[in-house]
Amino acid sequence: MRESLSRGHSELPADVQGEAQMRCGWYEGGMFHSFATRVVQLDEIKVRFEAANEAETFGWFVEHFERIQDRAQQQNKPAVEIHLATGLVRADKLVPASPWILVVDGDLEVAGDIDLSTQPYEISLFVVFGSVHAKNLRFSGSACCYATKSVELAGGCFGDHGDEAAELHTTRLKARMLMLDGNTGVNAQQLDAVVFASKGWGLPRHFTDDDVAADFFVAEALDEDGGIDERAVWELMTSGKDPFQPGALATLSARRVDAETRLKPR
């Protein structure tokens, strides 16, 4: 099923392929400052899902899209537009203000951090038909995220407030660490990271309830009760500081852990 991804873009209709070269209707600025996007309709996104061999996950996108528009209507706000970027997209950082809908038909390379945090219950959509590369990534609040190939991070992946709909799906997640709060999980068929997560998600848990946070983290990464402060760890890593004690990450990484098979969004 996954081998068709490599030929997905060539299956697009010729007129759709040509739009990227013409640049007609593209603009820079607005919500996505570092790269050009084009506002498109839902029908075009359906074509993109089909071309990437992801037709079965289009219903997931539509469900969240409709919830986004319903909320905007209830609050007497304009409909939230779908922003589309195609080809290899490079950016210095990605920190959109919610609500947002961003689809990248290609790979996304971010030199810095990706912060996909939303205001409470402001559902937002982030879809990449390819791979995502960045230093650190956070999905928080009501950020619904799917990268069809991989998410590859030099630092950490952080998720919280999954009870508000925050979710991340990908085929392969590679990072130094994956840190999730008790309400949040990740679906990754291949997971290459030291995992800090709660029971019940079927994820490997390198750090367990029997461990003492101070044995592995620097003092700045701990809360007043001596537990892990996820926000402090995020801030340390995004500022270029190491939240771990010397050798701690290697010790955790060497532990043998098991996990359940993960699934695509549905």
Side-chain angles (χ1 to χ4, degrees), residues 1-11 32 34-35 45 48-58 60-61 64 84-96 102-116 124-140 143-159 162 166-180 184-197 201-204 206 234 237-238 249 253 257 259-266:
M1 179 165 55
R2 289 290 170 182
E3 56 265 23
S4 63
L5 285 170
S6 61
R7 64 176 183 271
H9 302 300
S10 64
E11 296 174 353
F32 304 104
S34 300
F35 52 91
I45 299 303
R48 304 277 174 174
F49 268 84
E50 293 170 346
N53 196 32
E54 292 289 340
E56 72 274 22
T57 58
F58 181 63
W60 168 85
F61 184 92
H64 290 305
L84 172 68
T86 59
L88 173 60
V89 175
R90 292 190 173 96
D92 295 329
K93 62 181 179 179
L94 181 57
V95 190
L102 173 63
V103 177
V104 177
D105 195 353
D107 292 338
L108 174 63
E109 296 182 357
V110 177
D113 304 315
I114 300 176
D115 189 352
L116 302 175
S124 299
L125 276 163
F126 173 76
V127 175
V128 176
F129 295 120
S131 296
V132 175
H133 299 262
K135 285 185 178 179
N136 301 284
L137 181 147
R138 175 166 62 179
F139 63 103
S140 174
C144 305
C145 311
Y146 182 32
T148 61
K149 291 186 178 179
S150 66
V151 174
E152 301 183 36
L153 308 169
C157 181
F158 297 77
E167 56 183 321
L168 172 63
H169 307 267
T170 189
T171 299
R172 180 172 184 260
L173 172 59
K174 181 178 181 181
R176 287 185 72 207
M177 57 165 290
L178 169 63
M179 182 167 286
L180 305 168
T184 312
V186 160
N187 282 342
Q189 295 175 19
Q190 301 173 36
L191 183 55
D192 182 4
V194 172
V195 179
F196 301 82
W201 291 103
L203 291 166
H206 295 86
W234 163 261
M237 294 196 73
T238 56
L249 202 61
S253 180
V257 294
E260 298 174 4
T261 301
R262 315 306 293 175
L263 302 173
K264 287 183 177 183
R266 295 187 181 276

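This structure is a prediction, so every number in the text was calculated from the model and none was measured.
- Here the CZ atom belonging to Arg90 is positioned 13.5 Å from the CZ atom belonging to Phe35, to the nearest 0.5 angstrom.
- Summarising the geometry, atom CZ belonging to Phe139 is positioned 9.5 Å from atom CG belonging to Leu116; distances are rounded to the nearest 0.5 Å.
- Under the 4.5 Å side-chain criterion, counting only non-hydrogen atoms from C-beta, Met177 is in contact with Phe158.
- Annotation: the span from Ile45 atom CD1 to Phe129 atom CZ amounts to 6.5 Å, rounded to 0.5 Å.
- Panel note: side chain Ser131, backbone Lys149; no donor-acceptor pair is recorded below 3.5 Å.
- Of the possible polar contacts, one joining the Thr148 side chain to the Gly130 backbone as a donor-acceptor pair under 3.5 Å is found.
- Although no hydrogens or angles enter the test, the distance criterion places no donor-acceptor pair under 3.5 Å between the side chain of Ser150 and the main chain of Arg172.
- With hydrogens and angles disregarded, a donor-acceptor distance shorter than 3.5 Å links the side chain of Thr238 to the backbone of Trp234.
- Looking only at side-chain heavy atoms (C-beta outward), Leu178 and Val186 come within less than 4.5 Å of each other.
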| field | Worked check of side-chain contact (heavy atoms from CB on, under 4.5 Å) between Val127 and Thr57 | value | CA-CA 11 Å; Val127 175; Thr57 58; over 6 Å; no
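- The shortest heavy-atom contact between Glu50 and Ala55 is CG-CB, 4.1 Å.
- Atom CE of Met179 and atom OG1 of Thr184 lie 12.5 Å apart (nearest 0.5 Å).
- Between Phe58 and Phe61, the two ring planes are parallel [angle under 30°; tilted spans 30° to 60°].
- No donor-acceptor pair closer than 3.5 Å links the side chain of Asp107 to the backbone N or O of Leu88.
- The heavy-atom pair separating Gly156 from Leu153 by the smallest distance is O-CD1, 3.5 Å.
- One distance of note links CD of Glu152 with OG1 of Thr170; it measures 8.5 Å at 0.5 Å rounding.
- Between Glu167 and His64 the shortest side-chain heavy-atom distance falls below 4.5 Å.
- The two atoms that bring Val132 and Ala147 nearest to each other are CG2-CB, 4.0 Å, heavy atoms only.
- Once rounded to the nearest 0.5 Å, the distance linking CZ of Phe126 with CG of Leu94 reads 6.0 Å.
- Residues Leu84 and Arg48 form a side-chain contact, since some pair of their non-hydrogen atoms from C-beta on lies under 4.5 Å apart.
- Trp60 has its side chain within reach of Tyr146: a pair of non-hydrogen atoms, C-beta onward, lies under 4.5 Å apart.
- Residues Pro204 and Leu191 form a side-chain contact, since some pair of their non-hydrogen atoms from C-beta on lies under 4.5 Å apart.
- The pair Lys93-Asp113 does not meet the salt-bridge criterion, since no charged nitrogen lies less than 4.0 angstrom from a carboxylate oxygen.
- Closest approach of Cys157 to Ala175, counting heavy atoms only: N-CB, 4.4 Å.
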